[in-house]
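Report on the structure given below.
Here is how names work: the chains are called A, B, and so on, in the same order as the sequence lines, proteins then strands, and each is numbered from 1.
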Amino acid sequence: MIAATAELAPWIRLEKTSRTHFEHEETAGSETKNQLARMQIDSPSALEFGPLAPGSVLPGAQWFQAIQQKIAASTIPPGYEPEDPGSWLSQQVAAAALTFLSKSSYEFALAPYLYGSPSGELIAEFGEGEAKSTFIISPDSVTAFSVVKGKPIFKKRLLREWSSSRLRFWREKTLAPPSGKTHGQMGSY
Amino acid sequence: MARWVPIRNAQIGDSEHLGRRRFRRPQLIAFTAQEHEPELSHLDFLEDRGFEISVDRLGKKCVDPEVKEFLHPLAAAIAEKRAPKKVFAGWASVQVKRFKNEARKLEYSIAPDPIRGTESEDNEYHALISCPTNRTHLEIALMLRYWFETHGALEGVEPAPRAGTINSILNWFRRLAQSEKNS
């Protein structure tokens with residue numbers, strides 16, 4: 001059986017142009033750089049981002065840098081058939097996730113909680129408690145869901161239709177301060 | 001205290017606590033230590049087979065530890081039989097009155113549905129939440145998660161305290177009090 005390590009990662013390749021946003025990558029170790037250079041997103045939408053002004057630092061860039069390698073490391077290597085659905089991502093979902101989360105990192109300050117679904121999608125949860133946004137990422141579309149003041153909001157769009165302005169609109173609408181109408185709280189055991 | 005048993009064919013009371021069984025969530029291979037893990041996922045409520053969601057009636061006015069202890073082996077055995085195999089991890093619980101009004105507005109309803117099968121499958125605590133058929137399974141799952149998360153709590157699978165255990169603690173206190181008195 002193939003060991004599940006980051007060595008299995010480079011089945012996704014990142015276009016160099018998509019990395020120009022992340023200034024801190026310039027200071028990354030040569031091993032990381034080499035690994036990133038071997039990676040290239042297969043989806044053309046990875047090239048949608050415009051250049052940044054020199055010296056600008058993006059708020060979400062740091063969390064995106066941390067998770068992009070993990071996404072690559074969670075991608076099913078060619079020829080490997082995982083026994084445990086939900087533990088691995090297909091190359092298509094991983095590419096879509098990198099594209100979407102890269103855009104999201106401009107809008108959401110904190111990293112999402114990420115997990116896979118048995119049917120192969122990647123689920124990204126931004127926010128906590130009552131103010132929460134869930135995104136279900138599949139190869140060509142992203143479904144967003146949130147509940148605002150007790151009313152569900154549900155939007156499914158093609159991956160390329162989730163522009164920065166739409167993400168910003170969604171964030172402002174859904175991650176507003178909670179209404180305070182809770183009746184209890186989650187406990188742990 | 002004796003285990004609470006629901007009255008046959010009686011409606012589900014507003015004070016009752018309903019529990020949706022949770023299973024250990026698969027983690028992506030490279031995401032094993034993430035911060036801010038959400039307690040509930042919409043996957044805990046996703047039911048592709050129909051528009052009825054199974055729940056357990058966990059107690060009349062509060063969650064009854066004896067009911068949990070009764071249901072635990074049943075839930076664990078059923079989880080083990082599923083393909084792919086699952087690991088039972090407790091319940092997400094909510095009191096009916098906390099979400100009943102919101103649910104009714106959106107055409108959700110709750111009814112008892114005791115299961116009569118073999119001895120190992122009998123579940124008199126089983127109930128069904130009927131969901132609107134004009135919603136997708138995903139919408140339903142996300143809505144239910146919202147109610148259980150906002151108005152409810154998590155229930156673990158720890159064993160209920162035994163009468164014997166309580167008695168032995170009480171006896172220890174009695175002996176302690178007696179020895180204090182004697183000295």
Inset, instruction - Begin with the C-alpha distance, continue with both residues' side-chain angles, and end with the deciding distance and a verdict on side-chain contact (heavy atoms from CB on, under 4.5 Å) for Leu28(B) and Lys70(A). - result: CA-CA 9 Å; Leu28(B) 286 167; Lys70(A) 288 184 179 180; over 6 Å; no
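The line from CG of Leu138(B) to OG of Ser119(A) is 9.0 Å long, rounded to the nearest 0.5 Å. We find the CD-CD1 distance between Glu139(B) and Ile153(A) to be 12.0 Å, quoted to the nearest 0.5 Å. Taking OG1 of Thr150(B) as the start and NZ of Lys132(A) as the end, the distance is 8.5 Å to the nearest 0.5 Å.
Trp147(B) and Leu128(B) are members of different hydrophobic clusters when ILVMFWY side chains are connected at heavy-atom separations under 4.5 Å. By the criterion of side-chain heavy atoms lying less than 4.5 angstrom apart, applied directly or through intervening Ile, Leu, Val, Met, Phe, Trp or Tyr residues, Val5(B) is not grouped with Ile115(B); the two fall into different hydrophobic clusters.
With a threshold of 4.5 angstrom between heavy atoms, Tyr115(A) approaches chain B through its backbone and through its side chain. Within the 4.5 angstrom heavy-atom criterion, only side-chain atoms of Leu43(B), from C-beta onward, approach chain A. Neither the backbone nor the side chain of Pro82(A) comes within contact range of chain B, judged by heavy atoms closer than 4.5 Å. Interface residue Ile67(A): backbone and side-chain heavy atoms are both found under 4.5 Å from chain B. Heavy atoms closer than 4.5 Å to chain A are found in both the backbone and the side chain of Ser41(B).
Closest of all the heavy-atom pairs between Leu114(A) and Gln34(B) is O-NE2, 2.6 Å.
Of residues 133-142 of chain A, those residues with a non-hydrogen atom less than 4.5 Å from any non-hydrogen atom of chain B are, in numerical order, Thr134(A), Ile136(A).
The neighbour count for Leu110(A) CG, taken as heavy atoms of other residues, nucleotides or ligands under 6.0 Å away, does not exceed 12.
For Glu125(A) and Arg145(B), the salt-bridge test passes: some basic side-chain N is under 4.0 Å from an acidic carboxylate O.
Not a single donor-acceptor pair under 3.5 Å links the side chain of Gln27(B) to the backbone N or O of Ser87(A).
Take Glu161(A) and apply the side-chain contact (heavy atoms from CB on, under 4.5 Å) test, not counting sequence neighbours, and it matches Arg157(A), Leu158(A), Arg166(A).
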